[in-house]
Number of protein chains: 2
Amino acid sequence: MTSALPRPNLAIGAYRHLKRDIIRGVYAPGEKLRMSDLKTRYDLGVGPMREALSQLVSERLVTAVSQRGYRVAEMSIKELEDLYDARAQLEGLVLELAIARGGDDWEAQILAKAHALSKVVEVHSADDMLDIWDARHQAFHGAIAAGCDSPHLLQTRAWLFDQAERYRHLWLCQTVFSAEALDAKRHEHAALTDAILARDAATACTMMREHLMTPVPIIKEVLREQGLV
Amino acid sequence: MTSALPRPNLAIGAYRHLKRDIIRGVYAPGEKLRMSDLKTRYDLGVGPMREALSQLVSERLVTAVSQRGYRVAEMSIKELEDLYDARAQLEGLVLELAIARGGDDWEAQILAKAHALSKVVEVHSADDMLDIWDARHQAFHGAIAAGCDSPHLLQTRAWLFDQAERYRHLWLCQTVFSAEALDAKRHEHAALTDAILARDAATACTMMREHLMTPVPIIKEVLREQGLV
DNA sequence: CCTCTAAAAAATATCTATATTTTTATAAAA
DNA sequence: TTTTATAAAAATATAGATATTTTTTAGAGG
């Protein structure tokens, strides 16, 4: 049937796998990605691997120089600071629009996602805890942003999120396994939800911008400790 | 010398050329891009062509379905409206930050670019006129945006610009060859510059958002006339 | 006329071979 | 010791061959 989606080709799988590995820090910033190693690790040939790398170049997670190969993109304190500032500013804009444009359903969704997020207190295995908490955390923030009712703004937001994900991962590893940090987050999320439901745009946007900047000093510390910059 | 940049590979040239063709409307929205045709037109083999397409897929100018090939991304009135709304909102945010963060040099640059833009009145050949005016127009708006002092916000701005470029091209073709339209633009740009130099953020941002929306009805008309949607 | 089936043609995706470029190792000269 | 040159090894990029999938065409049956 021509209407059913065919099986994803090899490049798609390699793209997903390599992207995940980059975000999780399997490769160091600036590390050379040699085709002979990639072919083995991701179990495919040169053609599809180059396709996957081409996409990651477009997404700025990988840098390419003709005849010199591919490298994982660098990280820096300066980039971290600008990236998080940009994200905070954009999230403030998106929230302001959401408060202006979002309806009752939007509010209901926020409450539902906030509830699910606050329920993550049980101790699981390391990877499970990180994935579960973050999935719910993203769903919470995603529900808030969705009220802006602009696919392109959300796309733009996702782009910055993608750029930030390597940095975020460092922060996640510090946060998700600390009951104290999770508790602080829980309080921030609750206060944020209150301001949003009160439709207090000025307060909510200020809180949101500040909320988004809280990981920055933590990430800086980790970057230095791990000698990543 | 390893420090000199090597010659760009075939994929890079194909990417640039195909992207330009898509933006200029050489292909219809949704049109199938067959590899046999692409190989001939852009004079290269399957491998590099697939690499170029992979990048354009990441940039959303091309859609891909495994085993079914590649198509130029669709266009729609709905997308146009959301895209321009998103751009206007983001440009407002960027301008607000620029007014807060930009210095004297920033003001000087705006004046210089505004001047160069206003000087495009001479009649040139069709392609020259379009390219010259648009280069100066982009430089003018780019100079304004640069004051936000955030590479990532500017990257985000560029992303939306890229998405909009196909639509913009339709508007450009209507505007650049009309003395009346150019005159109206000249007045808008002058008023905008005045508000910015006066550091009147509220007025400037409102004007900017409105300024960015002015092409929308024109583009809608063109889309309908040309049966593109 | 429409629908279904099978075969042929066309298109897609990937591997392999190969030409080209870069990097590395080594030896010689300063 | 450092620098330069050269050869060998490794890496990069691409064309062409080929297996697989999809689309088109033709013919038969209702």
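- Each of A:Glu51 and B:Arg7 has a nearest nucleotide on DNA chain C; the 5'-most of these lies closest to A:Glu51.
- D:dT21 atom C1' lies 15 Å from atom CE of B:Met35, rounded to whole Å.
- Defined by atom type and a distance below 3.5 Å, a donor-acceptor pair is present between the side-chain atoms of A:Glu79 and A:Tyr167.
- Taking a cutoff of 4.0 Å between a charged side-chain nitrogen and a carboxylate oxygen, B:Glu91 and B:Arg157 qualify as a salt bridge.
- The CZ-C1' distance, from B:Arg68 to D:dT20, rounds to 14 Å in whole Å.
- Rounded to whole angstrom, the span from the OH atom of A:Tyr42 across to the P atom of C:dT14 amounts to 17 Å.
- One atom, CE of B:Met49, and another, P of D:dA13, lie 17 Å apart when rounded to the nearest Å.
- Note: B:His141 and B:His211 meet the aromatic proximity criterion, with ring centroids under 6.0 Å apart.
- Map A:Leu33 and B:Gln67 each onto its nearest nucleotide of DNA chain D; the residue landing nearer the 5' end is A:Leu33.
- When the nucleotides C:dT22, C:dT12, D:dA15 are ranked by their closest atom to the side chain of B:Leu44, D:dA15 comes out on top.
- Of the possible polar contacts, one joining the A:Gln163 side chain to the A:Glu59 backbone as a donor-acceptor pair under 3.5 Å is found.
- Projected onto DNA chain C by closest heavy-atom contact, A:Val46 and A:Lys32 fall at different nucleotides, the more 5' of which corresponds to A:Val46.
- The distance from atom CG of A:Leu53 to atom P of D:dT14 is 14 Å, rounded to the nearest whole Å.
- Contact annotation: A:Lys39 does not reach the phosphate of D:dT12 (side-chain N/O to OP1 or OP2, under 4.0 Å).
- Within the 4.0 angstrom heavy-atom criterion, no nucleotide atom of any strand lies near B:Gly47.
- As a whole-Å value, the separation of A:Leu38 CG from D:dT12 C1' is 12 Å.
- Contact detail for B:Ser150 and B:Arg101: the closest heavy-atom pair is CB-NH1, 4.3 Å.
- Rounded to whole angstrom, the span from the CG atom of A:Asp37 across to the P atom of D:dT12 amounts to 9 Å.
- Between A:Arg50 and D:dT12 there is no side-chain polar atom (N or O) within less than 4.0 angstrom of OP1 or OP2.
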